[in-house]
> 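Starting off with a structure, shown below.
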Amino acid sequence: MSRNPEVLWAQRSDKVYLTVALPDAKDISVKCEPRGLFSFSALGAQGERFEFSLELYGKIMPEYRKNVGLRNIIFSIQKEEKSWWTRLLKSEEKPAPYIKVDWNKWCDEDEEVKSETASDDESAFVNEDSESSDDDGLLYLPDLEKARSK
């Protein structure tokens, strides 16, 4: 029997971010279909199976970027068309309780920065086939660390 991990989501006009809270995940399997179907499965730290499938609000590109960290897996999924979705899922029903808004990554449509210098943490992502370091997926603010050490 499988369980659902906590899934946090946020969006920009061109992409959707999904953060799967699953410490020490192994055997991660992801399927990303253009019509908007996103499926995930993995084994947790105690060998329990975690999985979910989401029928996203709009169409997406089948390629995605992921960052596997010690505590979570972050996915960046490109939207087929640049637009703001009114919700994450195609269904108008209330989302499952394990799906929540990621307020740390959230950006309102009128707040989206169009500047080239603006960063939405793309440097935190590695290609799908790349290995990750032990620090990936953790919230880390270098300037805050420097300030603490003074």
Side-chain angles (χ1 to χ4, degrees), residues 1-114 118-141 144-145:
M1 185 172 159
S2 65
R3 297 174 48 194
N4 301 117
E6 181 180 64
V7 178
L8 302 176
W9 80 281
Q11 72 172 317
R12 300 290 185 277
S13 61
D14 61 339
K15 62 187 72 167
V16 173
Y17 296 105
L18 295 178
T19 301
V20 180
L22 188 57
D24 301 320
K26 296 173 185 64
D27 298 331
I28 299 167
S29 175
V30 176
K31 193 175 193 181
C32 198
E33 297 180 13
R35 61 187 167 98
L37 185 63
F38 182 88
S39 300
F40 170 91
S41 70
L43 293 177
Q46 283 79 36
E48 293 177 273
R49 169 119 345 246
F50 288 84
E51 58 189 15
F52 65 89
S53 288
L54 303 175
E55 189 172 359
L56 301 175
Y57 181 79
K59 293 183 178 182
I60 55 175
M61 304 301 287
E63 303 84 33
Y64 60 89
R65 297 175 76 180
K66 75 176 177 180
N67 180 16
V68 180
L70 295 174
R71 294 181 178 85
N72 55 40
I73 305 117
I74 303 170
F75 296 94
S76 175
I77 303 163
Q78 194 74 30
K79 295 177 181 177
E80 186 176 276
E81 294 181 17
K82 192 172 183 176
S83 67
W84 285 84
W85 294 351
T86 56
R87 58 187 177 273
L88 175 64
L89 303 177
K90 186 171 277 191
S91 170
E92 292 185 26
E93 296 176 15
K94 185 176 178 181
Y98 66 90
I99 301 172
K100 300 174 182 171
V101 172
D102 188 345
W103 295 113
N104 291 327
K105 287 187 179 65
W106 191 262
C107 177
D108 287 327
E109 185 174 356
D110 58 346
E111 295 173 352
E112 185 175 36
V113 180
K114 306 272 189 237
S119 170
D120 56 16
D121 295 330
E122 284 298 319
S123 61
F125 290 94
V126 293
N127 289 332
E128 178 183 351
D129 299 323
S130 299
E131 295 295 319
S132 64
S133 71
D134 289 341
D135 291 335
D136 288 342
L138 300 178
L139 293 177
Y140 178 70
L141 302 170
L144 183 61
E145 288 297 317

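Excluded from the calculations below are hydrogen atoms, water molecules and symmetry mates; all remaining heavy atoms, backbone and side chain alike, are included. We count residues from 1, following the sequence as given.
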> Short question: side chain of N72, backbone of P23 - any donor-acceptor pair under 3.5 Å?
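No; zero donor-acceptor contacts below 3.5 Å.
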> To the nearest 0.5 Å, what is the distance between NZ (K59) and NZ (K90)?
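Here the interatomic distance stands at 8.0 Å.
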> Starting at CD1 of I74, measure out to CG of N67 and round the result to the nearest 0.5 Å.
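If we round to the nearest 0.5 Å, I74:CD1 and N67:CG are 5.0 Å apart.
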> Backbone N or O of S13 within a donor-acceptor pair of the E112 side chain at under 3.5 Å?
yes
> Does any N or O in the side chain of D102 come within less than 3.5 Å of the main-chain N or O of N104, such that one atom is a donor and the other an acceptor?
yes
> For L88, run the side-chain contact (heavy atoms from CB on, under 4.5 Å) check against V7, L18, V101 and tell me which one passes.
L18
> Taking atom CD of E51 and atom CG of L22, what is their separation to the nearest 0.5 Å?
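CG of L22 is found 12.0 Å from CD of E51.
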> Work out which heavy atom in W106 is nearest to a heavy atom in A10; give both atom names and the distance.
CE3-CA, 3.7 Å
> So, the side chain of E48 versus the backbone of S2: is there a donor-acceptor pair under 3.5 Å, distance only?
no
> In terms of side-chain geometry, is the basic nitrogen of K100 or E6 positioned less than 4.0 Å from the acidic oxygen of its partner?
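A salt bridge is present here (some side-chain N lies under 4.0 Å from a carboxylate O).
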> Which distance, rounded to the nearest 0.5 Å, do you find between the CD of Q78 and the OH of Y64?
14.5 Å
> Does the separation of the ring centres of F75 and F38 fall below 6.0 angstrom?
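Yes.
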> Kindly say whether L89 contributes a backbone atom to a donor-acceptor pair with the side chain of R87 at under 3.5 angstrom?
yes
> Can you check whether K15 reaches I77 side chain to side chain, under 4.5 Å on heavy atoms?
no
> Rounded to the nearest 0.5 Å, how far apart are SG of C32 and NZ of K66?
12.0 Å
> Under the side-chain contact (heavy atoms from CB on, under 4.5 Å) rule, what do I28 and I73 come out as? Steps first, then yes or no, please.
CA-CA 9 Å; I28 299 167; I73 305 117; 4.0 Å; yes
> Side-chain contact test, heavy atoms from C-beta onward, threshold under 4.5 Å: evaluate it for S39 versus V30 and give yes or no.
no
> Any side-chain heavy-atom pair from V16 and K79 closer than 4.5 angstrom?
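A side-chain contact exists here, since the closest heavy-atom pair is under 4.5 Å.
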> Counting only heavy atoms not in K26 (residues, nucleotides, ligands), do more than 12 fall under 6.0 Å from its NZ?
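More than 12 within 6.0 Å, yes.
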> Taking the side chain as every heavy atom from C-beta outward, state whether F52 and P5 have any pair of such atoms under 4.5 Å apart.
yes
> Apply side-chain contact (heavy atoms from CB on, under 4.5 Å) to S91 and E55, showing your working.
CA-CA 8 Å; S91 170; E55 189 172 359; over 6 Å; no
> Rounded to the nearest 0.5 Å, how far apart are CZ of R35 and CG of L37?
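Reported to 0.5 Å precision, the distance equals 5.0 Å.
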> With heavy-atom distances below 4.5 Å as the criterion, would you say the side chains of W9 and L56 are in contact?
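No, side chains not in contact.
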> Of all the heavy-atom pairs spanning Y17 and S76, show the shortest one and how long it is.
CE2-OG, 3.8 Å
> Within a strict 4.5 Å, meaning less than it, do heavy atoms of the P34 and M61 side chains meet?
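The answer is no; the side chains never approach within 4.5 Å.
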> Between K105 and Q11, is a side chain to side chain donor-acceptor pair (under 3.5 Å) present by the stated rule, with each step listed?
CA-CA 8 Å; K105 287 187 179 65; Q11 72 172 317; over 6 Å; no
> Would you say S41 and R49 make side-chain contact, with heavy atoms under 4.5 Å?
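S41 reaches R49 side chain to side chain.
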> Are F50 and N4 close enough that some pair of their side-chain heavy atoms sits under 4.5 Å apart?
no
